[in-house]
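In what follows, a structure is listed as structure tokens, so that the remarks can point back to it.
Counting starts at 1 for both ligands and their atoms, in listed order. Being a predicted model, the structure only gives us computed values, none of them experimental.
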Amino acid sequence: MKTPVEGFSKLSKAEKIDWIAQNCTEDPKTSKQLLERYWNMDPQVQKLHDEFIENTLSNYYLPFAVAPNFLIDGEIYAIPMAIEESSVVAAASKAAKFWLDRGGFKTEILGTEKVGQVHFIYKGDPKKLTRFFETLKPELLQSVSTITQNMEKRGGGINHIELRDLSAKIEGYHQLHCTFETLDAMGANFINSCLEQFAQTLKEKAKLHTDFSEEEKNIEVVMSILSNYVPHCLVKAEVSCLIAQLETKDMPAEEFAQKFLRAVNIAKVEPYRAVTHNKGIMNGIDAVVLATGNDFRAVEAGVHAYAAKEGRYSSLTHAKIEDGVFKFWIEVPLALGTVGGLTTLHPLVKLALEILQKPSAKELMRIVAVAGLAQNFAAVRSLVTTGIQKGHMKMHLLNMLNQMGASENEKKQLVEYFKNHTVTNASVKEALEKIKK
Ligand code: MEV
């Protein structure tokens, strides 16, 4: 067993690389060279990346791509995506093209409310706490005025502070449940700073509150933190067309519409399918969230909680057929930012936002929801027509050939060959061996 390392974070970058290469890899020299090869050639840019997190050794590349031809609310976008999965960008582009000819995507912002909570323990008379809270509320707002003044000038700030009694669940457990408008910022730092100040004010004012007994004065703050569950920071994206317009070479329009609808309805009632269905949606959403420097873990957590809001995990998308019209839509909570965080630091994030014409947070919510809907359309379309493997394996072919050590010329020949043949691991291996011979 390895022994723990002391003071690793205090070592220089070169020392860290040496230590890791020596202690954790089979070929230290090659490992070191590999880590260094992934450094940016501009030392300033590399320094930026080094300082994003602690103990940076190198950079971890993901492909940065665009899916063009997205018609969203009358504007055309090329959507930047950062993702490793072979078929995602191709599928998004295909769905964008499909809907470009059928009226495009329409979106609606249903809310922009963010949430944060101060969790605390108060063991005492609930009526006294309620009375205390009424006098406390203006003091809470006053206590954060220096934090909120800029946000307020721009039209944002604290929307609401509510006292919630959850003592039936955990003895003495209460919350200050707070809602915020953070405009173009994702708002995590703003919200957490406000909450920590609320917590301090709550404790201090309780100590001085003469109506409280000594025990009641002793409020214990457990934690103050934003919530990534944002069911009212919500966006809807939709496509619709006449059923007849769904005709493709793969299937007659009416049959396709019915099969598609059934597939979506299965994801609504069947959690095993819903998880995979939503995973396909997140292929699109995460890729754009990541490319635009947003926190995809926060988005993931909030989206999946939303998918389970009725008490059972279900589809994020919905479909219906009415009077000969096919409608397909998504409703998804997205707390995103287009200012702050990585948005002004990471050069590729800046470029991604520029490619999107420097969107506001609301515009980015619309674009991201569309990417999720498009991805789901492409996946379900393949699933109910050709099956997923045909397109997926075609896109995966280059990865397989790279893994098998194919030369550029062999790759070219085999990509051509597999236009008319089924891609499987065995068939690719066999075809490559044949060429090599
Ligand atoms: C693969 O990354 C995503 C899919 O499984 C989504 C789906 O099944 O809907 C194809």
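- Close approach of ligand 1 to Glu85 is summarised as follows: ligand atoms under 4.0 Å from at least one heavy atom of the residue are 1 (C), 2 (O).
- In this structure, the side chains of Ser31 and Ile20 stay at 4.5 Å or more apart for every pair of heavy atoms.
- Each of Phe256, Phe260, Phe98 was scored for a ring pair (Phe, Tyr, Trp, His ring centres under 6.0 Å) with Phe328, with one residue passing: Phe260.
- Gln200 and Glu196 share no donor-acceptor pair across their side chains, judged by distance under 3.5 Å alone.
- Nearest non-hydrogen protein atom to atom 5 (O) of ligand 1 is Thr276 CG2, 3.5 Å.
- Close contacts of ligand 1 with Leu383, meaning ligand atoms under 4.0 Å from a residue heavy atom, involve 7 (C), 8 (O), 9 (O).
- The distance from ligand 1 to the heavy atoms of Lys279 drops below 4.0 Å at these ligand atoms: 1 (C), 2 (O).
- Counting only heavy atoms of the protein, atom 10 (C) of ligand 1 lies nearest to Ile388 CD1, 3.6 Å.
- Residue-level proximity to ligand 1 for Asn283 is carried by the side chain, the only part with a heavy atom below 4.0 angstrom.
- With respect to Lys327 and Glu322, no salt bridge is recorded, no charged nitrogen being found less than 4.0 Å from a carboxylate O.
- Using cut-offs of 30° and 60° for the angle between ring planes, the His49 and Phe52 rings count as tilted.
- For Asn189, the CG atom counts as loosely surrounded, since its 6.0 Å shell holds 12 or fewer non-hydrogen atoms of other residues, nucleotides or ligands.
- Residue contacts with ligand 1 include Arg273, since one or more of its heavy atoms lies under 4.0 Å from the ligand.
- When non-hydrogen atoms are compared, ligand 1 lies under 4.0 Å from neither the backbone nor the side chain of Val380.
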